[in-house]
Amino acid sequence: MRRISNRGVTAATALLTLVVTAGPAGAAPGADPRRGTSVGTGTGAPLPAPDPDGVGDALKRTLAAGAPGAMTRVDDGRTTLSRTAGVSDTATGAGMDTDGRFRIGSVTKTFSTVVLMQLVAEGAVDPDAPVERYLPGVLPDTRITVRHLLSHRSGLWDYSNDMFARTVPGFEAVRDRVFTVRELIDLATAHPATAVPGTTYQYSNTNFVVIGALIEKVTGRTVREEYERRIIDPLDLRNTAYVHPETSISGKRIRGYLTPDEAGAPLVDSTEQTVSWAQSAGAVISSPGDLDRFMSALLGGRLVRADLLERMLEMTPSDGSGVRFYGLGLRRRDLSCGIPVYGHTGTVQGYYTYSFTTRDGRRSVTSVANTSNNGTANTVLGDTLEAAFCGKRATAPRALTARAPLPEEEASAAR
Ligand code: REY
C-alpha cells in the first residue's frame, strides 16, 4: 500500500500563476477574455471576461478543503489563462502544472460517445436499436437501447457502488485487477434492474462499459484504436492516451491522492492503477489543454455531425437542482449568471475533473484537483467554472445557485 502524508500540504498553497499566451491553431478568432466576447453564452448576452482572481480563490479553497493541488486552464479564442495552487507531487513538492497529465475519469464517457456518434453517422449503429442487435445475449433485458446506455436510462445497476463501498480497501482490491467486460456486466446484473429501460435517469458506469464493448464489436478494433484514430490523432492531443490496463502515466504527470473514509487518515497515493474497473467509462489520461481542445472541437461541430450533436445536447435533469442536466455522454450545467456550459465531470481515485465549454465551443475550461472522496473539495473546485465563465460578480456565486444541492445531488454531480 502506497501511503503518503498530507501534512503541510495546505501550507504549500504556493504557486499561483497567470499565463496569457497565444492559443492553439484553429481557436476561435477575435475572442479576448479581458474584454468579454459577444458569442457563446447561449443566452444572446455577451460572455463576461474570466475572473482570474476568482479562479485562484476557488483553487485555494479547494486546497483548504484537503486537496494537495488544484489547477484551471481557460482556453478562450487565442488566449489561455492558467492558474495553479499547491503541489502535483507531495513527496517532491513539485508545483501543480497545467501541462501535466492526469486521470480524467468519466470525461472518458464523452470520448466514448463521440466514437459511438461517428459510428451512427456512418450507418454502423442505430441509436434506437436494442443493444441485443450488436451484442446478442450480453444484457439481461432486450428492451435496452443504445440511447438508453448513452443517457443513463438503461436500468443497469452501477457495480462501482459495491466495489467502492469502502473507499481505500475497495480501491486496493482493484488497483491491479484486469476485468473483462463480461465480469463487470455480471457484477451489475447480479442486482435487479434499477428501473424499466428508458424511464429513469440513473448514472451508471455499467452503461459505458457496454458502449465500449459495442464499439469494439462493431468496428473490430479496440476502443484505444478508435479513440486514437477518431479523436486523439485528428485533434493532435499529445497528452491524451488510453493505456488500459497499463498502470502508469507517462511523461509529466500529476500524482493522485485518494482520501480515506477515516477522518484524519493520511492520503493514499493512487496514481498507479489499471482503471480496469472503469475502462471505456473512465480510463482515459489527458491534460487540461487537450481536454479544452477536445470540448471546443466537439461543441464547435468538428467531431460529430451537427444533427447528431443536437441529439447529444437533448438534456433531462440529472438531479433536483434545476441547474444540472445529462444528454448523451454530456452534461449541462446552468451557471449562476445564466450561462449554460456543456462537458463532463470525472472522479477516479485521486483526481476530480471538470471540463466544460460554451455552446459554440469558444471558451473551454478544465479544472482538476489531485484528490477524491472529498465532496467539499470537489464542490469548491466547481466554483472555478463560475469565475471562468461568469467573470467577476458582485455576489458570491454559491449564494446565487437555485438552491443548495442535496447530498445525493452532490454525490451524483461529483461523477
Ligand atoms: C467511483 C468511486 C467513482 C471513486 C466513479 N467514477 O464512478 C466514474 C466517474 C468513472 O463518473 C471513489 N469514491 C473516489 C469512493 C467512495 O470510493 N466510497 O472518490 O475516488 O467519473
Side-chain angles (χ1 to χ4, degrees), residues 6 9-21 23-24 33 50-76 79-90 92-105 107 237-240 249 251-257 259 267 270-271 284-295 341 343-348 350-357 363-372 374 376-389 414:
N6 68 339
V9 159
T10 44
T13 310
L15 205 67
L16 277 170
T17 58
L18 167 61
V19 187
V20 180
T21 58
D51 172 13
D53 294 338
V55 170
D57 177 62
L59 296 178
K60 278 190 265 183
R61 286 187 286 118
T62 307
L63 261 58
M71 61 178 169
T72 296
R73 174 171 162 139
V74 183
D75 279 277
D76 192 341
T79 57
T80 299
L81 183 154
S82 294
R83 282 237 156 182
T84 67
V87 298
S88 63
D89 184 326
T90 58
T92 67
M96 203 61 166
D97 184 343
T98 55
D99 291 327
R101 300 173 182 173
F102 58 94
R103 300 193 183 282
I104 69 172
V107 187
L237 305 181
R238 295 179 188 184
N239 293 311
T240 304
I249 302 175
K252 203 187 272 189
R253 70 175 168 262
I254 309 297
R255 297 201 73 85
Y257 301 98
T259 314
L267 301 180
S270 52
T271 313
V284 166
I285 294 162
S286 191
S287 68
D290 276 8
L291 284 189
D292 281 353
R293 188 185 286 220
F294 168 65
M295 289 298 176
V341 291
H344 218 289
T345 45
T347 303
V348 64
Y351 304 93
Y352 282 132
T353 304
Y354 290 79
S355 190
F356 283 85
T357 191
R363 184 182 298 171
S364 293
V365 177
T366 295
S367 294
V368 182
N370 57 350
T371 197
S372 68
N374 178 338
T376 306
N378 193 30
T379 302
V380 173
L381 182 68
D383 285 349
T384 56
L385 299 181
E386 292 283 338
F389 288 108

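Only this structure's heavy atoms are used, side chains among them; waters, hydrogens and symmetry mates stay out.
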Just by distance, do the side chain of Arg101 and the backbone of Thr240 share a donor-acceptor pair under 3.5 Å?
no
Contacts of Phe294 meeting ring pair (Phe, Tyr, Trp, His ring centres under 6.0 Å) (sequence neighbours excluded), chain-then-number -> Phe111
request  = Look at the side chain of Thr271 and the backbone N and O of Gly256, then say whether any donor-acceptor pair between them is shorter than 3.5 Å.
outcome  = yes
#### Entry: Test item: Ser88 side-chain N/O and Gly95 main-chain N/O as donor-acceptor pair under 3.5 Å
yes
*asked:* Looking at Asp89 and Arg255, would you say the former's side chain and the latter's main chain have a donor-acceptor pair under 3.5 Å?
replied: no
**Request:** May I ask you to decide if Asn239's main-chain N or O and Asp290's side chain share a donor-acceptor pair within less than 3.5 Å?
**Result:** yes
Contacts of Asp97 meeting salt bridge (charged side-chain N to carboxylate O under 4.0 Å, His left out) (sequence neighbours excluded), chain-then-number -> Lys252
### Query
Any donor and acceptor pair, going by atom type alone, linking the side chain of Tyr352 with main-chain N or O of Ala67 inside 3.5 Å?
no
Arg73 side chain to Leu291 backbone, donor-acceptor under 3.5 Å
no
Requested in this report: Output, in order, the C-alpha distance, side-chain angles, deciding distance and verdict of side-chain hydrogen bond (donor to acceptor under 3.5 Å, both in side chains) for Thr366 and Asp292.
Outcome: CA-CA 6 Å; Thr366 295; Asp292 281 353; 2.7 Å; yes
Here the gap from Ile249 atom CD1 to Ile254 atom CD1, rounded to the nearest 0.5 Å, amounts to 9.0 Å
Residues at least two apart in sequence or cross-chain that pass side chain to side chain donor-acceptor pair (under 3.5 Å) with Thr259, listed by chain then number, are Thr371
OG1 (Thr376) and CZ (Arg61) are apart, to the nearest 0.5 Å, by 11.5 Å
